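This report concerns only the one structure given below.
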Amino acid sequence: MDEIYDPAAVERAAQEHWERLRAFEVREDPSRPKYYCLSMFPYPSGRCHMGHVRNYTIGDVITRFMRMQGYNVLQPMGWDAFGLPAENAAMQNGVPPAKWTYDNIAYMKMQLRSLGLALDWSRELATCDPRYYRWNQWLFLRMLERGIAYKKTGVVNWDPVDQTVLANEQVIDGRGWRTGALIEKREIPMYYLRITAYADELLEGLDSLPGWPERVKLMQANWIGRSEGCEIAFPYAPDTRDALRSDGVLKVFTTRADTLFGVTFMAVAAEHPIAAAAAARNPEIAAFVEECRRGSVMEADLATQEKKGKPTGLHVLHPFTGEPIEVWVANYVLMTYGEGAVMGVPAHDERDFEFAQKHGLRIRTVVRSKTGAYEEVRAPWIDAYGEYGVTVDSGEFSGLESQAAIDAIAAALEKKGLGRKRVQFRLRDWGISRQRYWGCPIPIIHCDSCGDVPVPDDQLPVVLPENLVPDGTGNPLAKTPSFYECTCPKCGAKARRETDTMDTFVDSSWYFLRYACADAEDAAVDSRVDYWLPVDQYIGGIEHAILHLLYSRFWTRVMRDLGLVKFDEPFSNLLTQGMVLNHIYSRQPAEGRREYFNPADVEKIQGEDGSVRYVAHTPDGGTVEVEYEGLGTMSKSKNNGVDPQQLVERYGADTVRLFAMFTAPPEQTLEWSDEGVQGAYRFLRRLWHAVYEHVSAGPAPALDPAALTAAQRDLRRMSHQTLAKVTDDIGRRRTFNTAIAAVMELLNAVTRFDDTTPQGRAVRHEAFEIVTMALSPIVPHICHALWKALGHDSKALIDERWPQPDPAALVQDEIEIVVQVNGKLRGRVRVPVNADEARIRETALADEQVRKFVADKPIRKTIVVPGKLVNLVV
RNA sequence: GCCGGGAUGGCGGAACUGGUAGACGCGCCGGACUCAAAAUCCGGUUCUGGCAACAGAGUGUGGGUUCGAUUCCCUCUCCCGGCACCA
């Protein structure tokens, strides 16, 4: 063993050993319990960032831990390789997205390898590989056959200058990111997947996932948004019948049918047919509808914009009273939810209340809440107005409890044919069409005579040409005849291939299945999926809590219904890691865009008066004063990323892994700190040195537990306590930071333990073995070397079994008890471990400090927490 | 705006089921080693008062439940994630 810790040499040796033995390539083995540990695959953006390092280290710790527990562990890796950044890079430097992507994959693979992850690279896949995405196409066609996939129009962001569809992130303050043009909404035909058909099952399925964080399940449940309510039809008044030139009804969905008699207006979305009819005859309405058409399609934008509305002058009739009610167009009504129309009940809905106040509409009180005593609803709004209560002024339905009123009104409406109870979901069907090049082609051919014709299975995959370079003005596929020109599979006539590609969420909705059988050539999945799936532990960023995870749950169910897999839920346990943050420094030049400076180049300057300023070093050798903007997630745009590669080269992968695991628990955000990395490095050096000192003194004799001194027993107890804690922290709690802290404490104790007797050395040897074992999932390279140095030449550490604490070593005969008087800490006493309440109380009262506070007051109550604390109440 | 989460020393965090607040690490201060510096090692480090023993205060804000609250309940403030075409 070398005296000096040389991470580069240590890591090279360990990685060579694992690679030579193909240690992490696994096969189905029915005789052993399997464990599928999966981290979300990366988008190959160019270089790994700290978020990847954190994500994959967490997965690796669990993988290595479970492997040592005797499981057959699969940990695969692949590439989420389609997506927008490749097109953006292409626009910038003229390189085709394919080449950019494959180059990035090669570099990032090298980076991941240098981290020493226990990955089975033989299963590697990339979603831009036709061998993968042909099955996207195949599965899409099966969904089309079953009506799960269908076509309808959808709304997109349209840049009128570039004549192109923009992603939400490309719309900044309502303008196109490249052109600065005001963005418009535009309706185009798209393919949708009927996720709503699975809404109930996706919601109920959450109950079968005890291994998922509650907050993620809650977010998904709210996203699905099941609500039970009533569909109510308001027949058109004569003016509306004229305007639309038809009989008909305006349908709304409401959960508060009990407030039906409080309706004083109706509000419809700008895209609603009644709005269109009103716009056709009234220029003011037309202008308002036009105004609503501008701006982005993002819900956050719609929800934060000022609530506006215009009366249409058209009316519908109340289903019971026949009273005419005016229809308004309002920008806060979503065409995509329910019927694109709502009934306005200002007395009992806060949003309607505000709208009515603003436009001077009537407020009609029809429910009295039981908690808020009021006769009439009037400003300002109080929450009691929105509560359930007893109906008033509601004709034959007056005097009923809200729920009874809802039932009665629903029944009466149904009898009239003007409504019924129904369930409404907030969840919408999943639009998968993208007017973009770098994605999986949708396998459809448009024929003038046959319509939309699916590409026959034997012509799959529809291969994406890899040599195109997008220029920001629309999809290059639509300008490439060699791609879109084809013949109709049905009639043989000239036809046009669909040029839209699929949402990249399609790619990531089933990749975890494909890892089980990545080389299967004639099927999407084969029987190996039955062995490995479901995923036992899935690890990824909290930002995927809803969309990716919900789509994957949906897709898995579709594949189940196609008979391809035998389970409902793809991920049994989920760990959502927090984001990685770093400081943000910037400067606003007199002209042009705000500049961001990497924190590595910024210096903090403390003035003598306590003032603080920040100065950044520029590439030309100069300095500029910059502003501190606080912490934010590491990103290219804020220039606050840290390159893990430099750190690996400087300190080694183990240091980077240790830092990522030690600095915060996995679910929390992680703040970057240069000093923290150095601290991690220092610890590993200290560990190396301590083991070196120990083994240099020659082999340790065998441990004889019966022959130990009290101090030796103490250290041995601590070793086994630490082992028990680390096992629990990694295995159950997944708090790697506290596991590391416990090992650090043990190492501190070992370092202080200067007993050189034979049994002292034996106890120390055991402590080092436990330290090495316990840290090995986190810092596997150094532990691989230390294990050998500790005399284990025949078996590598990764092939050892995780040890169990010795119960005999944990036994203690005396313990410390905390004494409180009236809940305040006043002393500590030592008592035998099996002392009863009387004995503890007696010992506590003998303590001088305690006596001072008890004085001669009678003890009214004694609370004993066994093994921990006694509280004397006087 | 809606949904979800968070806030504890100078800093990152710990306290697992309502029971010792501040483990562990960073930083800082003092000491050892050194011609000196770096590295390393040893000691100290929540705040206030006190030489000390010790006492009081203290987990974003305000209130509540309890013998006892960082932990449970209510209120407010600020920060972060998601909002369906970033991945």
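Small disclaimer: the values here were computed from a predicted structure and weren't measured. Throughout, protein chains are lettered first and strands after them, A, B, ... in sequence-line order, and every chain is numbered starting at 1.
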Looking only at N and O atoms, is any donor in the side chain of [X] or the base of [N] less than 3.5 Å from an acceptor on the other one?
X        : N     : answer
A:Asn822 : B:C67 : no
A:Arg685 : B:U40 : no
A:Glu299 : B:G1  : yes
A:Arg732 : B:C16 : yes

**Request:** If B:G25 has a Watson-Crick or G-U wobble mate with both distances under 3.5 Å, name it; if not, just say none.
**Result:**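 In the structure as shown, B:G25 has B:C11 as its Watson-Crick or wobble partner.
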**Asked** If we call it a pair only when both distances are under 3.5 Å in a Watson-Crick or G-U wobble match, what pairs with B:G56?
**Response**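 The answer is B:C47, by the H-bond criterion.
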**Message:** Using 30° and 60° as the class boundaries, would you call the ring planes of A:Trp430 and A:Tyr551 parallel, tilted or perpendicular?
**Reply:**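 Plane angle under 30°, so parallel.
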**Prompt:** Can you say whether the rings of A:Tyr132 and A:Trp510 are parallel (under 30°), tilted (30 to 60°) or perpendicular (over 60°)?
**Reply:**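 Because their plane-to-plane angle is under 30°, the rings of A:Tyr132 and A:Trp510 count as parallel.
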Phosphate oxygens OP1/OP2 of [N]: is one of them under 4.0 Å from a side-chain N or O of [X]?
X        : N     : answer
A:Lys824 : B:C54 : no
A:Arg426 : B:C2  : no
A:Gln220 : B:G82 : no
A:Asn222 : B:G4  : yes
A:Thr504 : B:A87 : yes

**Message:** For A:Phe736 and A:Phe662, I'd like to know if the aromatic rings sit close, meaning centre-to-centre distance below 6.0 Å.
**Reply:**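 No, ring centres 6.0 Å or more apart.
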**Request:** Identify whether any heavy atom of A:Phe505 sits under 4.0 Å from a base atom; if not, whether one sits that close to sugar-phosphate; answer base, sugar-phosphate or nothing.
**Result:**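 Base contact.
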**Request:** Assign A:Phe662 to base, sugar-phosphate, or nothing according to its heavy-atom contacts below 4.0 angstrom with the strands shown.
**Result:**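 Contact class for A:Phe662: base.
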**Message:** Here's one to test your reading of the geometry: is the NZ or CZ of A:Arg194 within 45 degrees of the ring axis of A:Tyr150 and under 6.0 Å from its centre?
**Reply:**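 Yes, A:Arg194 sits over the ring of A:Tyr150.
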